[in-house]
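Sequence positions, counted from 1, serve as the residue numbers for this chain. Everything quoted here is computed from the prediction, not taken from an experiment. Remember, it's 1-based here, ligands and their atoms both numbered in the order they're listed.
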Amino acid sequence: MNGDSRPIGVFDSGVGGLSILRALRAQLPNEHFIYIADQAHVPYGPRPLEEVRGFAEGITRYLLSEGAKAIVIACNTASAAALHYLRQTFPEIPFVGMEPAVKPAAEQTQTGVVGVLATPATFQGKLYASVVERFARGTRLLENTCDGLVQCIEKGNLDGNEPRRILENALKPMLAEGMDTVVLGCTHYPFVIPLIQEIVGENVRVIDPSPAIAKRTEYVLKERNALSTAPKGTVKFFTTAEPERVHRVLSYLWREGGEMPEVERLVWHKGKLVTPATQR
Ligand code: DGL
């Protein structure tokens with residue numbers, strides 16, 4: 001048989017989580033995935049944590065109704081807002097969440113100065129405070145919320161004037177302070193690594209957490225004997241905005257075998273995610 005061929009649910013406020021999905025596909029080629037981009041609400045970063053928790057719960061309920069065997073919260077902001085709550089609410093489901101990779105950064109820095117790029121909500125959450133408390137003693141963390149960068153990436157603008165201005169404003173003062181390591185604490189940001197690297201230079205290390213998250217997901221499934229052995233895994237994409245919007249960006253960010261994937265629409269209805277047909 002095909003092992004446990006139920007899908008793995010993956011979600012983000014938008015296309016950022018595709019950086020995680022890309023690593024998941026490479027690590028787990030036999031798995032089926034369902035990806036939900038909550039583009040009706042992107043960006044999550046400036047919103048109150050309670051509001052983001054509500055979105056994360058609605059998405060989780062939808063993924064479970066589609067038979068998800070595990071859920072990867074491919075969004076630092078939603079993890080900050082809801083990881084703990086979701087684990088408590090759905091104890092039978094394994095959740096893999098994101099936290100800024102301060103630990104490896106603190107281990108690797110030579111100068112003791114680390115830059116962290118994440119959303120305001122991520123910086124406010126308890127998860128970040130606990131990571132800093134546990135792993136960043138003796139390390140200076142310089143934080144920046146890169147306001148507007150998520151919106152640029154959502155539009156597929158990965159190296160234009162606007163993302164360049166935002167990243168230069170964030171990173172140049174950090175460089176002046178001696179930063180030698182940058183943590184990408186938002187899953188949208190791996191898509192602008194070439195621009196970041198151009199600004200900070202070759203000698204600054206940029207930490208992309210996606211391979212570690214993919215390995216963690218594999219470990220969690222293996223532990224539960226829930227890996228799929230299906231011959232070829234698949235991905236189903238959903239968005240809560242107009243599919244055309246995500247389609248345009250997908251053509252920049254998702255080049256798997258050169259094929260453009262189908263994207264289906266979901267709508268929010270009284271705090272629940274439903275298909276447009278159900279809502280009518
Ligand atoms: N990609 C997300 C994160 O990792 C969310 C960004 C946003 O919607 O503000 O935080």
Q: Specify side chain, backbone, both or neither for D12, according to which of its non-hydrogen atoms lie closer than 4.0 Å to ligand 1.
A: side chain

Q) With distance as the sole test, does T109 use its side chain to make a donor-acceptor pair with the main-chain N or O of A105 at under 3.5 Å? A) no

Q: Please identify which atoms of ligand 1 are closer than 4.0 Å to at least one heavy atom of T119.
A: 6 (C), 9 (O), 10 (O)

**Q.** Any donor-acceptor pair under 3.5 Å from T275 side chain to L266 backbone
**A.** no

(Q) So does A230 get a backbone contact from the side chain of N30, meaning a donor-acceptor N/O pair under 3.5 Å? (A) yes

Q: Below 4.0 angstrom from a heavy atom of S13, which ligand 1 atoms are there? Numbered from 1 as shown, please.
A: 5 (C), 6 (C), 7 (C), 8 (O)

Q. For the residue pair Y128 and F123, does the interplanar ring angle fall in the parallel (under 30°), tilted (30 to 60°) or perpendicular (over 60°) class?
A. perpendicular

Q.
Using a 3.5 Å distance criterion without hydrogens, assess whether the side chain of Q197 forms a donor-acceptor pair with backbone atoms of V204.
A. yes

**Q.** Identity and separation of the nearest protein heavy atom to atom 7 (C) of ligand 1
**A.** Y44 N, 3.3 Å

**Q.** Protein residue, atom and distance nearest to atom 9 (O) of ligand 1, heavy-atom basis
**A.** G45 N, 2.8 Å

(Q) My understanding is that only one of E133, K126, R134 makes a side-chain hydrogen bond (donor to acceptor under 3.5 Å, both in side chains) with S130; could you say which? (A) R134

Q. Going by the order shown, which atoms of ligand 1 are within less than 4.0 Å of some heavy atom of N76?
A. 3 (C), 4 (O), 10 (O)

Q) Can R53 and E57 be counted as an ion pair, charged N to O under 4.0 angstrom? A) no

Q.
Considering non-hydrogen atoms of the protein only, which is the closest contact for atom 10 (O) of ligand 1, and what is the distance?
A. T77 OG1, 2.6 Å

Q) Hey, is V150 touching ligand 1 through its side chain, its backbone, both or neither, going by heavy atoms under 4.0 Å? A) side chain

Q: Check ligand 1 against P43 and write out every atom of the ligand that is under 4.0 Å from a heavy-atom position of the residue.
A: 7 (C), 8 (O), 9 (O)

